[in-house]
Amino acid sequence: MALFEVAHRVGSARTGVLRLAHGEVHTPAFVPLASNASVRGLDAPEVAGLGYEMVLGNTFHLFITPGHGRIAALGGLHSFMGWDRPIITDSGGFQVFSMGHGSVAEEVKRRRGNSQSRILAIEEEGVSFRAYTDGSERFMGPETSMEVQAALGSDIALAFDECTPFHVDRDYTRRSMDRTHRWLHRCVAWQSEHGRDDQVLYGIVQGGVDQALRAESVAAIAGSGVDGIAIGGTLGENKEQMRQVLGWSTAGLPEQPPRHLLGIGDVDDIVHAVGIGIDTFDCATPTRLARHGTALVPDPERRWRMDLTKAEWRDDPRPLYEGAASAHSRAYLHYLARGRELTGARILTLHNLDFMARLMAGIRAAIRAGEWDAYAERVLAGQAP
RNA sequence: UCCGGGGUAGCUCAACGGCAGAGCAUUCGACUGUUAAUCGAAGGGUUGUGGGUUCGAAUCCCACCCCCGGAG
């Protein structure tokens, strides 16, 4: 049976199903982050209860602690975290980037120098770095990443890549991309020699913000024999550039391999990306913003965000918005957020993930019904989900 | 009433003769393949009151007012 089946399409937007070892994932889908084998604040049954069919674990974090050997001995990542649905594991490539540059926003805005970099060396063989837990020197290369992901037993493994920074020249971007492609071939080779039958492999498109390099990377990934295609790298310094880069990164892609967009999660960005044929997304913001006191709301004027720590909500008895799953008042959520109550973080995490789940369900239904364009318009106008 | 300790930012406290600070709180900003229940910035002061010594006082001296503890 095919890994991915497109059921309906409207223009480039498509809805379908991914068939993985631990079950189906209906697309387009949002994939909550469970980097450290937990969706922060929730347990697996709660995440499943929100309707999610897949979560994203992180090779790098689980390699550092508690160690893939321990997880394997305990029956694998699914068993370890009590999640019996599909899991995609990120390869650790992005952590190399963030250890050197901080977050994507910090690097693009040059907010943080890399003077505190924990990267020791990025070489052909792989990356040497210091573990954040104990400062010990560690190494990860394509084979290490694949070994760890095989031990974890995720349904989808991602090839080890370098997330090319924004502030580098074209020459570095090319060398970085070429190295990522060589690493991909090593991942594919490892997979065919040692890989498990119940795990598929996605390659990651790089190429920075350069049209020719992106096109070259797309061709290299698509021609490598991987099961799916992920789009990575920093995508530019604003949404306009991100859309341009995304266009270059999807142009000429064959329909069949499923496409994952790494790290993108703003509502308008997801709507745009679905429109050009992306199938799955992962992003830290729904859960992170929740822990920082921000709720996702259908309000384009506020970038779909309501920062409940703001004084303006202190005495507001209204719910987050008409039709929100949670009936708690803004005043209560403000109070919880200001007090940094665990309860507040949990309520908002549940809310934000519910919001994203509804958005994706709405998107799937709209494409199925042939009403994608109208639905996209309604979402962008703040009338849905 | 006496003895001792103390009154400095909204709160808890530093500074003990030389530019009055911190933490928390407050307000604002940030967060897009999570080292993040995080990070950043700003506002906020007649140092209890009055006098004195000194080039210079939150700091030393005197008086008074409040608070805490002990004794009676």
Side-chain angles (χ1 to χ4, degrees), chain A residues 30-42 55-65 88-109 111-112 116-118 129-135 145 156-164 166 202 204-206 230-239 242 246 260-270 272-273 278 280-294 296 303-305 307 309-312 314 336-349 352 356:
Chain A
F30 178 74
V31 181
L33 296 199
S35 305
N36 287 305
S38 88
V39 175
R40 296 187 202 290
L42 310 183
V55 296
L56 183 145
N58 193 287
T59 301
F60 174 83
H61 296 281
L62 298 172
F63 173 63
I64 298 295
T65 180
I88 180 171
T89 40
D90 193 6
S91 62
F94 181 77
Q95 279 58 48
V96 172
F97 167 89
S98 62
M99 279 190 290
H101 306 280
S103 73
V104 172
E106 285 165 343
E107 194 264 332
V108 170
K109 295 171 184 171
R111 286 255 171 88
R112 192 193 282 180
Q116 294 188 338
S117 175
R118 289 181 170 272
F129 58 94
R130 288 203 180 281
Y132 58 85
T133 45
D134 59 5
S145 178
I156 301 174
L158 289 185
F160 191 66
D161 68 326
E162 179 185 8
C163 181
T164 313
F166 180 73
Y202 280 28
I204 303 178
V205 176
Q206 290 290 338
I231 297 166
T234 51
L235 301 172
E237 55 187 339
N238 53 51
K239 285 173 185 273
M242 183 180 82
L246 273 184
H260 181 88
L261 177 54
L262 287 161
I264 294 305
D266 284 4
V267 171
D268 52 337
D269 296 335
I270 286 180
H272 175 264
I278 301 296
T280 52
F281 302 85
D282 71 272
C283 188
T285 52
T287 43
R288 180 193 291 157
L289 287 174
R291 294 193 305 283
H292 296 175
T294 293
L296 296 176
R303 292 175 57 212
W304 283 272
R305 298 175 186 189
D307 184 347
T309 64
K310 293 280 170 290
E312 64 181 306
R314 183 170 291 133
L336 292 177
R338 288 304 275 266
R340 294 182 186 172
E341 288 290 344
L342 221 44
T343 302
R346 270 181 49 77
I347 291 173
L348 289 178
T349 298
N352 285 355
M356 295 304 292

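Predicted, not measured: the structure shown is a model, and the values here were computed from it. Below, read A as the first sequence line, B as the second, and so on, with proteins coming before strands; counting in each chain starts at 1.
- In this structure, A/Arg288 does not reach the B/U38 phosphate: none of its side-chain N or O atoms is under 4.0 Å from OP1 or OP2.
- The same atom, C1', is picked in B/U59 and in B/A71; the two are 30 Å apart, to the nearest Å.
- A close approach under 4.0 Å does occur between a side-chain nitrogen or oxygen of A/Arg303 and OP1 or OP2 of B/C31.
- When every heavy atom of A/Ser91 is checked against every heavy atom of A/Ser145, the shortest pair comes out as O-OG, 2.9 Å.
- Checked against B/U32, B/A36, B/C28, the side chain of A/Lys239 finds its nearest nucleotide in B/U32.
- Using a 4.0 Å heavy-atom criterion, one finds that A/Leu235 contacts no nucleic acid atom at all.
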Dot-bracket for RNA chain B, 5' to 3', Watson-Crick and G-U pairs with both distances under 3.5 Å, [ ] for crossing pairs, | for partner on another strand, reads (((((((..((((....[..)))).(((((.......))))).....(((((..]....)))))))))))).

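- Using a 4.0 Å cut-off, some side-chain N or O of A/Ser98 falls inside it from OP1 or OP2 of B/U35.
- Across all strands, A/Asp266 comes closer than 4.0 Å to base atoms (heavy-atom distances).
- In this structure, A/Leu56 and A/Glu312 both approach RNA chain B, and ranking their closest nucleotides by distance from the 5' end singles out A/Glu312.
- Rounded to a whole angstrom, the distance from the P atom of B/C24 to that of B/C2 is 43 Å.
- When the nucleotides B/U32, B/A36, B/A30 are ranked by their closest atom to the side chain of A/Asp269, B/U32 comes out on top.
- In the set B/U34, B/U32, B/C31, the nucleotide with an atom closest to the side chain of A/Cys283 is B/U32.
- Listed candidates were B/A37, B/G33, B/U35. Nearest to the side chain of A/Leu342 is B/A37.
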Take A/Asp307 and A/Thr309 through the side chain to side chain donor-acceptor pair (under 3.5 Å) test and state the conclusion after the steps. CA-CA 6 Å; A/Asp307 184 347; A/Thr309 64; 2.6 Å; yes

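- Comparing B/U32, B/U35, B/G33 against the side chain of A/Tyr132 picks out B/U35 as the nearest.
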Atom pairs, N/O to N/O, protein against nucleotides 24-26 of chain B, distance under 3.5 Å?
unit_1 : atom_1 : unit_2   : atom_2 : d
B/U26  : OP1    : A/Arg338 : NE     : 3.4
B/U26  : OP1    : A/Arg338 : NH2    : 3.3
B/U26  : O5'    : A/Arg338 : NH2    : 3.3

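- Nucleic acid contact class of A/Thr133 (heavy atoms, under 4.0 Å, all strands): none.
- OP1 or OP2 of B/U34 lies within a sub-4.0 Å distance of a side-chain N or O belonging to A/Ser35.
- Between the side chain of A/Thr287 and the base of B/U34, at least one donor-acceptor pair of N or O atoms lies under 3.5 Å.
- Residue-level contact check: A/Glu341 touches neither bases nor backbone, having no heavy atom under 4.0 Å from any strand.
- Of the residues near RNA chain B, A/Ala345 and A/Ala34, the one whose nearest nucleotide (by heavy atom distance) lies more toward the 5' end is A/Ala34.
- Considering only heavy atoms from C-beta on, A/Glu107 comes within 4.5 Å of A/Phe97 through its side chain.
- Within the nucleic acid shown, A/Gly233 comes within 4.0 Å of at least one base atom, counting heavy atoms only.
- Of the possible donor and acceptor atoms, none in the side chain of A/Ser35 sits under 3.5 Å from a partner among the backbone N and O of A/Gly57.
- Using a 5.5 Å limit on the distance between ring centres and a 30° limit on the angle between planes, the aromatic ring of A/His292 counts as stacked on the six-membered base ring of B/U38.
- Between A/Ile270 and A/Phe30, the closest heavy-atom pair is CD1-CD1, 4.4 Å.
- Contact between the side-chain N/O atoms of A/Arg40 and the OP1/OP2 oxygens of B/A36 is found at a separation under 4.0 Å.
- Picking from B/A37, B/U32, B/G29 the nucleotide with the shortest atom distance to the side chain of A/Ala105 gives B/U32.
- Relative to the side chain of A/His61, the nucleotides B/U32, B/U35, B/G33 differ in distance, and B/U35 lies closest.
- Residues A/Thr164 and A/Thr234 share a closest heavy-atom pair of O-OG1, 3.1 Å.
- Side-chain to base pairing of A/Asn58 with B/G33: no donor and acceptor N or O lie closer than 3.5 Å to each other.
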